[in-house]
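Notes follow once the structure below has been shown.
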Amino acid sequence: MNAPTPPTTRVRIFYPSDPLGTVPGGIETFIRGLIGWAPEDIEFSVVGLTTDAQTRPVGRWLSCQLRGNTYRHFATYAVDDPSRQPRVPATVRYLAALAPRRGLVDRSAYDVAEVHRLEPVALLPRGTQISAILHQDSAVLYDRGSDIRWRHLPGLYFALESRLIARTASVFSVFQSAVDGFKQRYPTLASRVRFTPTWFDSDRFAVPQLAVRGEARQALCQRLGLGENAALMVQVGRLESQKEPALALRTLARLAQNDDGREWGLVYVGDGSLRQQLETTARSLGVAERVHITGLLPPEAIGAYLHGADVFLLPSRYEGMPIALLEAMATGLPAVASDVGEVRRVLRDGVNGWVIPTHERSAEHFAAAVARVMTLSASMPRERLDQACVEAVTPYAPERVLGPLYDNYRELRQSA
């Protein structure tokens, strides 16, 4: 006898997202994964933006697909260059575009509203079942190096947070420190706040065949004008202050000064407001010819750069559980990372990379760790290094991570 078909749970995401576009960042990747891996009884719609106004025009509901899953998309406004940080913050522009369109927040059109920042909660009707998945620890607002604009008004943000978080039915964060902070600040809401790890797309990111790795490496060396025995580093992410791309550049410069006969190269997979500044700095450090910035790439194009590299760099000032790190390690690429967020859940010193303590986060220590990783890679069979990387991230495959989030949607629909 066939099991009964579970009722459909309709989830509407309110976030300036274009899952089919090239908007950079972990939140966009997170949303794509939620939609792409959703079971049949979870139905998504997205109230977001468009990066291609001809294909996905503003002001119309469209039927779109990810990994064979259909979802509905409504763009409230268009973005011409998603790699650039706009003068008007994206959240402000999004709220201004959403506010007049009251029909989009009508509760009859969905069972669960999902936000990836708290600000859109202010526009949702009272009584809405709201799931919040948050990707920053608000404590970072006190970090002078933060690129979050609320850092200029942290008191106002926390006052707003206290009002909006009380209206949520559930809160997940990719920062354990954020979970702990929420429970401390709002003890009466503690039972609804949980940690969730991020995940990697196991369809796209896996250990390549040796021939594929060799071809990717050769292509990268040729692009950088380096010999085939060069050591290649790669950083994936937005070229913004949080990601500290200048630290990767200074690491390259320090390694290039070593008199060991080895050539070094650095690839930035991404784009952002710091690109021109980085190019200027690279020239001043004398390493411009050893650096390549790809610009924004679709997810399916990133793998080739990971396959050709020797070391993945994550020099960020702050992170949660970086999806880019999981993706890199899933391809067998060891990493050197700042001791941020949940990095130590997957990186083990001397096994699949190195973690740089906060007080040692400098080009000198990053360069030394990269050199150690190169020695580690040379001292073990390729298959063993692949295994050390892949085993660390296997618990974060989507089929293992996303189940609790889908279960939460079902529970919220039932309790409405």
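Any value given below was found using the heavy atoms of this structure, including those in side chains, with hydrogens, waters and symmetry copies removed.
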Between A169 and L412, the two heavy atoms sitting closest are CB-CD2, 3.6 Å
Counting heavy atoms not belonging to D407, are there more than 12 under 6.0 Å from its CG?
-> yes
May I have the step-by-step check of side-chain hydrogen bond (donor to acceptor under 3.5 Å, both in side chains) for R275 and T280, ending in yes or no?
-> CA-CA 9 Å; R275 179 169 183 161; T280 300; over 6 Å; no
Side chain proximity check, R56 to L20, heavy atoms < 4.5 angstrom | yes
Ignoring hydrogens and geometry, is there a side-chain-to-backbone donor-acceptor pair from Y268 to P245 under 3.5 Å?
-> yes
Side-chain heavy-atom pair Q414, P7 within 4.5 angstrom cut-off = no
Sub-3.5 Å donor-acceptor pair from the side chain of R167 to the main-chain atoms of I130, do we have one?
-> no
Please indicate whether E228 has more than 12 foreign heavy atoms, meaning atoms of other residues, nucleotides or ligands, lying under 6.0 Å from its CD.
-> no
Please lay out, stage by stage, how E364 and R250 fare under the test salt bridge (charged side-chain N to carboxylate O under 4.0 Å, His left out).
-> CA-CA 9 Å; E364 177 184 4; R250 295 194 301 272; over 6 Å; no
Of all heavy-atom pairs linking V351 and A388, the shortest is O-CB, 3.7 Å
Do you see a donor-acceptor pair shorter than 3.5 Å between the side chains of D52 and T50?
-> no
Would you call D386-R382 a salt bridge at under 4.0 Å N-O?
-> yes
Run the side chain to side chain contact (heavy atoms under 4.5 Å, CB included) check on Y15 and V115 step by step: do they pass?
-> CA-CA 6 Å; Y15 183 76; V115 298; over 6 Å; no
Keeping the roles fixed (side chain from R10, backbone from V112), state whether a donor-acceptor pair exists under 3.5 Å.
-> no
Could you state the interatomic distance from CD (E319) to OG1 (T198), rounded to the nearest 0.5 Å?
-> 9.5 Å
Out of T70, L66, L34, N69, which residue meets the side-chain contact (heavy atoms from CB on, under 4.5 Å) rule with F44?
-> L34
Closest approach of A96 to P100 (non-hydrogen atoms, all atoms of both residues) = O-CD, 3.1 Å
Return yes if some donor-acceptor pair links the side-chain N/O of H292 with the main-chain N/O of V269 below 3.5 Å, else return no.
-> no
Backbone N/O of I356 and side chain of S338: donor-acceptor pair under 3.5 Å = no
Derivation of the salt bridge (charged side-chain N to carboxylate O under 4.0 Å, His left out) call for E240 and K243 = CA-CA 6 Å; E240 305 293 347; K243 306 297 183 180; over 6 Å; no
Residue pair N408 / S170, side-chain donor-acceptor N/O under 3.5 Å = yes
Are side-chain N/O atoms of Q242 and S316 paired as donor and acceptor at under 3.5 Å?
-> no
When you check the side-chain N and O atoms of T91 and R117, is any donor under 3.5 Å from an acceptor?
-> yes
Flag the pair L104 / L98 as yes when at least one side-chain heavy-atom distance between them is below 4.5 Å, and no otherwise.
-> yes
Do Y186 and E161 get their side chains close enough for a donor-acceptor pair, meaning under 3.5 Å?
-> yes
Between the side chains of T51 and D18, is a donor N or O closer than 3.5 angstrom to an acceptor N or O?
-> yes
Just by distance, do the side chain of S415 and the backbone of E411 share a donor-acceptor pair under 3.5 Å?
-> yes
Hey, do the aromatic rings of F30 and H135 have their centres closer than 6.0 Å?
-> yes
If you round to the nearest 0.5 Å, how far is CZ of F182 from OG1 of T168?
-> 8.5 Å
Sub-4.5 Å side-chain heavy-atom contact between N352 and M329 | yes
Verify, without hydrogens or angle tests, whether D41 (side chain) and P6 (backbone) share a donor-acceptor contact under 3.5 angstrom.
-> no
Parallel, tilted or perpendicular for Y409 and Y406, by the 30°/60° rule?
-> tilted
Verify whether the ring centers belonging to Y396 and W199 lie closer than 6.0 Å.
-> no
Could you tell me whether a side-chain N or O of R101 sits under 3.5 Å from a main-chain N or O of A97, the two making a donor and an acceptor?
-> yes
To the nearest 0.5 Å, tell me how far T76 OG1 sits from L49 CG.
-> 6.5 Å
Indicate whether any N or O donor in one side chain lies under 3.5 Å from an N or O acceptor in the other, for R372 and T375.
-> no
Start with the C-alpha distance between D203 and W37, add both sets of side-chain angles, then the distance that settles side chain to side chain contact (heavy atoms under 4.5 Å, CB included), and finish with yes or no.
-> CA-CA 11 Å; D203 285 349; W37 293 90; 3.7 Å; yes
Distance col, row C221:SG vs L226:CG, nearest 0.5 angstrom, shows 6.0 Å
Just checking, is any N or O donor in the side chain of T9 or E43 under 3.5 Å from an acceptor N or O on the other one?
-> no
Does some side-chain heavy atom of L224 sit less than 4.5 Å from a side-chain heavy atom of V267?
-> yes
Take V46 and I35 through the test side chain to side chain contact (heavy atoms under 4.5 Å, CB included) and record every step on the way to the result.
-> CA-CA 10 Å; V46 178; I35 297 171; 3.8 Å; yes
E40, CD: over 12 other non-hydrogen atoms inside 6.0 angstrom = no
Spell out, as yes or no, whether a donor-acceptor pair under 3.5 Å connects the side chain of R290 to the backbone of L266.
-> no
List the steps and the verdict of salt bridge (charged side-chain N to carboxylate O under 4.0 Å, His left out) for R32 and D201.
-> CA-CA 10 Å; R32 282 196 294 266; D201 186 335; over 6 Å; no
Judged by atom type as modelled, is there a donor-acceptor pair below 3.5 Å linking the side chain of H307 to the main-chain atoms of R213?
-> no
Under 4.5 Å between any side-chain heavy atoms of Q136 and Y318, yes or no?
-> yes
Hey, does S45 have a side-chain heavy atom less than 4.5 Å from the side chain of F74?
-> no
Y71 side chain near S63 side chain, heavy-atom distance below 4.5 Å | no
Evaluation steps, salt bridge (charged side-chain N to carboxylate O under 4.0 Å, His left out), between K183 and D180 | CA-CA 5 Å; K183 290 183 176 182; D180 297 339; 6.0 Å; no
Mark yes when over 12 heavy atoms from residues, nucleotides or ligands other than R348 sit less than 6.0 Å from its CZ; otherwise mark no.
-> no
Given side chain to side chain contact (heavy atoms under 4.5 Å, CB included), test L313 with V234 step by step and report yes or no.
-> CA-CA 6 Å; L313 294 182; V234 61; over 6 Å; no
Salt-bridge present (R344, D339; N to O < 4.0 Å) = yes
Is it true that atom CZ of R163 has more than 12 heavy atoms of other residues, nucleotides or ligands lying nearer than 6.0 Å?
-> no
What's the shortest heavy-atom distance between P315 and E244, and which atoms?
-> O-CB, 3.3 Å
For E300, all residues meeting salt bridge (charged side-chain N to carboxylate O under 4.0 Å, His left out), sequence neighbours excluded = R204
